[in-house]
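This report refers to the structure that appears directly beneath it.
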Amino acid sequence: MKVTVVGAGNVGATCADVLAYREVANEVVLLDIKEGVAEGKALDIFQKASIDLYDTRTYGSTNDYSKTANSDVVVITSGLPRKPGMTRDDLIATNAGIVKTVTENVVKYSPNAILIVVSNPLDVMTYCAHAASKLPRNRVIGMAGILDTARYRAFIAEELNVSPKDIQAMLLGGHGDTMVPLPRYTTIGGIPVTELIEAEKLELIVERTKRGGGELVKMMGTSAWYAPGSAAAQMVEAIVKDQKRVFPVCMQLMGEFGLHNVYQGVPVVLGKNGVERLLEVSLSEGELKLMHESAKAVTNVMEVLDKINAAV
Ligand SMILES: NC(=O)c1ccc[n+]([C@@H]2O[C@H](COP(=O)([O-])OP(=O)(O)OC[C@H]3O[C@@H](n4cnc5c(N)ncnc54)[C@H](O)[C@@H]3O)[C@@H](O)[C@H]2O)c1
């Protein structure tokens, strides 16, 4: 199995490191436009193999896509991260150009790959990559839901002083302030969260989750990478090992939840074909309303991207 990670910055390098450490693939290629950076980080990760005891071979490439040929999965992390005061949508003009070019190069050399988009604004960059790749929708997906639920699970674990491992959660909608965490589908060791955390406190946790990315940008001056890198690697693992894991991922909706041609986080079964099944869970009127609001926010940014594309 061969996996390529485009963008050897904070998120991309972390993802490659986790893929190697967990021996998800035999070969991991890291690619970046900055001369030598991907080669250096790939070599650094490989030099860790005898310490951390893994066999994965990591290679680097400065913008030479022939080295990524025949990848089974490609993770796209190239693009600018947020700075304090920025929204994810502020990144669109720069990152859309990067993601489009990268996708075209990736597909040229790996026409059978499954693409996982990480660059922000996530939902619209997934749209961008899907359009540029011309691949079916089950093969071009975005990573946000695993990260957002991981943050939500961390906050709940902190509140209850329990292991984050025992918290199961589902989250819908876009990767932004309009995301829709679903307390109704959250359990702690099988116990509904509503039994253990009072409504007001849970609402504060939901609100903190929505702003979870911004909280870290404020602290660090750039966006997070450990949890995002691991989340992307977890999606790769589910695909490469055909695990049929159930995760929230971003993909194009074609009528599901009453939404058409918009990119949203939804629960899916992830396996060797990418998205193998979309789980269209039943939503309350209020939850569906929130999801449609989230979809509207994404549609607005998709329209901005369409205008940019029409102008060039
Ligand atoms: N989906 C999520 O949940 C999530 C979470 C965290 C970060 N992100 C996003 O991921 C992206 C990367 O974040 P980061 O912190 O790793 O940023 P970073 O600046 O550390 O790394 C980005 C890398 O992309 C490279 N790059 C730029 N243009 C390229 C091109 N055309 N081809 C190849 N490489 C190119 C840069 O040289 C840089 O090394 C950002 O857009 C960020 O907003 C998404």
Side-chain angles (χ1 to χ4, degrees), residues 4-18 29-42 60-65 67-68 74-84 86-106 109 115-129 132 141-152 171 173-177 179 209-217 220-235 247-251 263-265 298 301:
T4 287
V5 181
V6 182
N10 286 337
V11 177
T14 304
C15 179
D17 185 31
V18 174
V29 179
L30 202 49
L31 181 145
D32 203 285
I33 41 163
K34 281 190 211 142
E35 187 73 41
V37 170
E39 286 87 340
K41 292 192 180 181
S61 163
T62 302
N63 223 22
D64 176 2
Y65 282 84
K67 298 204 171 123
T68 71
V74 178
V75 183
I76 300 176
T77 76
S78 45
L80 297 184
R82 278 196 284 172
K83 296 265 173 291
M86 286 175 97
T87 70
R88 293 179 179 93
D89 295 345
D90 292 336
L91 303 167
I92 185 167
T94 314
N95 287 357
I98 294 173
V99 169
K100 182 169 184 284
T101 314
V102 164
T103 304
E104 287 166 353
N105 282 319
V106 160
Y109 286 94
L115 311 188
I116 299 174
V117 181
V118 179
S119 312
N120 272 320
L122 188 273
D123 309 280
V124 183
M125 289 305 100
T126 307
Y127 164 50
C128 183
I141 53 185
M143 187 292 291
I146 296 183
L147 173 67
D148 294 328
T149 40
R151 287 178 174 152
Y152 177 59
L171 182 145
H175 182 50
D177 298 347
M179 72 179 75
T209 303
K210 290 181 181 177
R211 297 187 314 275
E215 181 181 355
L216 293 167
V217 173
M220 304 191 293
T222 187
S223 57
W225 58 89
Y226 293 115
S230 281
Q234 193 173 44
M235 287 173 72
F247 288 136
V249 311
C250 173
M251 68 181 294
Y263 292 72
Q264 286 277 278
V298 173
V301 189

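We count ligands from 1, going down the list as the structure has it; atoms in each ligand are counted the same way.
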Compile the protein residues with any heavy atom at a distance under 4.0 Å from an atom of ligand 1; present them by chain, then by number. V6, G7, G9, N10, V11, D32, I33, K34, T77, S78, G79, L80, P81, L91, N95, I98, V102, V118, S119, N120, L122, M143, L147, H175, S223, A224, P228
Is it the case that atom NZ in K41 sees more than 12 heavy atoms from other parts of the structure closer than 6.0 Å? yes
On a heavy-atom basis, which atom in P84 and which in G221 lie closest, and how many Å separate them?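 So the minimum-distance heavy-atom pair works out to CD-O, 3.4 Å.
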D177 to K210 - nearest heavy-atom pair and separation: O-CD, 3.3 Å
Please work out whether the ring planes of Y109 and Y65 are parallel, tilted or perpendicular, with thresholds of 30° and 60°.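 Parallel: the ring planes of Y109 and Y65 meet at under 30°.
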Considering residues at least two apart in sequence or located in another chain, which fulfil the salt bridge (Lys or Arg N to Asp or Glu O under 4.0 Å) criterion with D32? none
Distance alone, cut at 3.5 Å: any donor-acceptor contact between the side chains of E39 and S61? no
